[in-house]
Structures are given as C-alpha cells and as structure tokens.
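The structure displayed is predicted, hence computed values, not measured ones.
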Amino acid sequence: MPSSVLRRVARVLAGPGRAGPATSGAGQVVALFRASHPEPAAAVTTVAGLLAWGFGHRPAGVVAVVLTVAASQLAVGWANDALDAERDAVVGRTDKPIAAGLVSQRTTARAAVAATLATPTLALTTNPVAAAVATIGLLSALLYDWPLKSSPLSVLPYAVSFGSMPAFVVLALPGTPAPPVWLVTAAALLGAGAHFANVLPDLDDDARTGVRGLPHRLGSGGSRAAAIGLLLAATAALVLGPPGPPSPVGLAAVTTAVLVPPLLWYGERLTARARPRSVVAFRSVLIIALIDVILLVASGPQT
C-alpha cells in the first residue's frame, strides 16, 4: 500500500478501532463480504473478464485477469470501509457493516492488507509488465481512500485506476502488446465521470464529515456537468478511437448518450413527477456509463 494509506491501516490494526460482534461465525463472514463493496467489485471484475475474453486471452489468461482484478477490488473496498468507519458511524450509515457493528474495523483492515498483497502476486502469473500496471492501478485506488478523497485531486485516482484496467488486460496477453491509446483514454474518462456520479448522492453526508474532494468543491451542479461531460467524452473515444469509420451501432450509442439527460429531464417535467435534479442527473450518468461499459467490452482487439 502507499505509505499514507499504510500508516492509517497500521493504526487501525494496532488500536482497538470500532469493535465488531463479540462472537465469530458465518455472520461475520457475510458482513466482511458486504464491506468489500461487492456490487461495484463484481461489476468491474466482470468487465475485466469480458475484456480479457474479447481480446483473445486463453482460459488461463482470463482466470488470471479476473483473479487479479477481483483481489484489487476487494483490497480497495475493505480499505475504504476500514478507513471510513468513524465517518460512517457519524452519519449513521447502518448499511455499512463496521458502523453497524457486524464486523470489526481491525478484521476489515487485515482483509484489506491480505488482498493488497495478493493482487501483484496474482498479476505476476501473466508477466512483469502487466503486473506492474495492475499494481499501479491498485495503489492509485488506495491513494483515493487516503488522502486524495478530500483533496482537489480526488478525480485523479479514478482516472488512473480505470485507465490501468484495460491496459493490464492487453499487456497480459502473450507478447505484451501495447494497449491502444484510445482504449486507455476512454477508460480513464469513464472512471473520472464515475467519480463525479458516485459522489452526487453523498454530497450532504460528506459535507457533515469534512470530505472536500473535487466534486464537493464544484458543487452538485458542477459535478453533474462534469459527470455527463466526461462520460460523453468516453463514449466518443470508444466510438471514434478505433481505426476505420465509426459503426452505425457506435453512432447510435453516441446519439443515445447525448439525448439521455435532456429526455430524462423533460420526461420528469412532463409527467409532473419532478424529482431533485441530482436524482435525474444520477440516472442519466448511470445510463451513459452503461452505454460506455457495453462499448468498452465490445471494443475487441482493435489497434
């Protein structure tokens, strides 16, 4: 782990932290699993596996990619919950296993350390260059957990970590081919857009606990615009980046991504069910992000 994150985790491991349940058992295992942020971890791991398959990895290569990305996702999720345990308790996040007292902060930190050490080990089953890129992606994500989450550079780890994932997938192929620049760029833009979209629902809770990343400094309006703009740029990179003219499907995807935000907003007003703009924007960016992920998986071994 980066030294700043390592010091924070070490303090958790050395001290009592937030105590978990007095007894151990299957309940704690389930709680630990929930603390790993399983939904986004599964989504990113699935995308990595599909990318590996699409780029022509043999079954062993697909397995190596999936295990590496899964380990890195577990490391980031557990580190996030271990480091944010006190903040989650302050804002009453009972959906968080540590804050709810279902698993201890120390156990979660230990799991984060184990998954962090496992990631480069698993990545080395491909080749050293790919393993180095996978490790950089993990370290970048951990630096978001601490200290970049509350800095103007909070978007940087998302861009680096998302961009490193397809780079790792391509570099892990036999012969270590260079990943296409358009593919890495599109993934980085997707990650940056995901950062602004992910923070939108939590701006108020973050403000109560002193989190001041770039989205918080831009405010809800600026974050909505940044999320949509970055995701549209990712869509354009995925459609226009590969060699040759864009396909009709790609052009349709760009058109859909451009039309989604105004159509959702108009639909809400037309049906007299106006919701907060943050909700409409969040739905918009989720749809655009889904389009981007589909294009990313469908990109194939193009150079």
Side-chain angles (χ1 to χ4, degrees), residues 1-20 28-45 48 67-91 93 95-123 131 133-151 153-162 164-165 168 191 194-195 198-199 202 205-206 209-213:
M1 289 187 181
S3 59
S4 58
V5 180
L6 187 60
R7 286 195 294 270
R8 285 288 300 272
V9 172
R11 285 199 291 270
V12 172
L13 293 173
R18 290 192 62 83
Q28 284 198 57
V29 173
V30 172
L32 186 62
F33 173 73
R34 285 177 51 203
S36 69
H37 300 205
E39 293 87 359
V44 173
T45 303
L67 291 178
T68 299
V69 174
S72 68
Q73 289 295 302
L74 291 173
V76 174
W78 281 327
N80 178 273
D81 269 27
L83 295 173
D84 280 357
E86 301 300 330
R87 188 175 72 87
D88 290 338
V90 168
V91 297
R93 291 291 301 271
D95 59 312
K96 295 285 190 175
I98 300 176
L102 300 176
V103 67
S104 73
Q105 189 177 14
R106 181 182 296 179
T107 296
T108 308
R110 286 173 176 168
V113 171
T116 298
L117 296 176
T119 299
T121 304
L122 291 166
V133 171
T135 303
I136 289 171
L138 171 60
L139 296 181
S140 168
L142 291 172
L143 282 172
Y144 172 77
D145 285 339
W146 180 266
L148 296 182
K149 179 186 292 187
S150 292
S151 84
L153 299 178
S154 62
V155 69
L156 185 60
Y158 272 80
V160 171
S161 296
F162 271 71
S164 70
M165 192 267 281
F168 163 64
H195 172 48
N198 187 54
V199 171
D202 297 324
D205 283 350
D206 288 343
T209 54
V211 175
R212 288 272 297 163

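Within the 3.5 Å criterion, the main-chain N or O of Leu32 finds a donor-acceptor partner in the side chain of Trp78. Looking only at distances, a side-chain donor or acceptor of Ser151 sits under 3.5 Å from a matching main-chain atom of Leu148. The backbone N or O of Ala82 sits less than 3.5 Å from a side-chain atom of Gln105, completing a donor-acceptor pair.
By the side-chain contact (heavy atoms from CB on, under 4.5 Å) test, Val211 pairs with Arg87, Lys149, Ser150, Asp206, Thr209, His216, sequence neighbours left out. Residues satisfying the side chain to side chain donor-acceptor pair (under 3.5 Å) criterion with Ser36, sequence neighbours excluded, are absent altogether. Qualifying side chain to side chain donor-acceptor pair (under 3.5 Å) partners for Arg34, counting only residues two or more places apart in sequence or in other chains: none. With sequence neighbours excluded, no residue forms a side chain to side chain donor-acceptor pair (under 3.5 Å) with Thr108. Applying the side chain to side chain donor-acceptor pair (under 3.5 Å) rule to Asp88 yields no partners; only residues at least two apart in sequence or on another chain are considered. Legend: residues meeting side-chain contact (heavy atoms from CB on, under 4.5 Å) with Thr135, ordered by chain and number and at least two apart, are Pro120, Leu139. Residues passing the side-chain contact (heavy atoms from CB on, under 4.5 Å) test with Thr119, sequence neighbours excluded: Thr68, Ala71, Ser72, Leu138. Among residues two or more places apart in sequence or in another chain, the ring pair (Phe, Tyr, Trp, His ring centres under 6.0 Å) test is passed with Phe168 by none. In this structure, the side-chain contact (heavy atoms from CB on, under 4.5 Å) partners of Pro40, at least two apart in sequence or on a different chain, are His37.
Counting all heavy atoms, side chain and backbone alike, Asn198 lies closest to Asp202 at O-OD2, 3.9 Å. Shortest non-hydrogen contact noted between Gly137 and Ser161 is O-OG, 2.7 Å. The two atoms that bring Ala35 and Pro97 nearest to each other are N-CG, 3.7 Å, heavy atoms only. Nearest heavy atoms, Ser154 versus His195: OG-NE2, 2.9 Å. Nearest heavy-atom pair, Ala141 versus Val76, reported as atom, atom and distance to 0.1 Å: CB-CG2, 3.5 Å. Scanning all heavy atoms of the two residues, the minimum distance from Asp145 to Leu83 falls at CB-CD1, 3.9 Å.
Tyr144 OH to Leu153 CG: the interatomic distance, rounded to the nearest 0.5 Å, is 12.5 Å.
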Pair Thr121-Leu117, side-chain contact (heavy atoms from CB on, under 4.5 Å): steps then yes or no: CA-CA 7 Å; Thr121 304; Leu117 296 176; 5.7 Å; no
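Looking at Ile98 and Lys96, their side chains never come closer than 4.5 Å, going by heavy atoms from C-beta outward. Annotation: side chain of Ile136 is not in contact with side chain of Ser164 (no heavy-atom distance under 4.5 Å).
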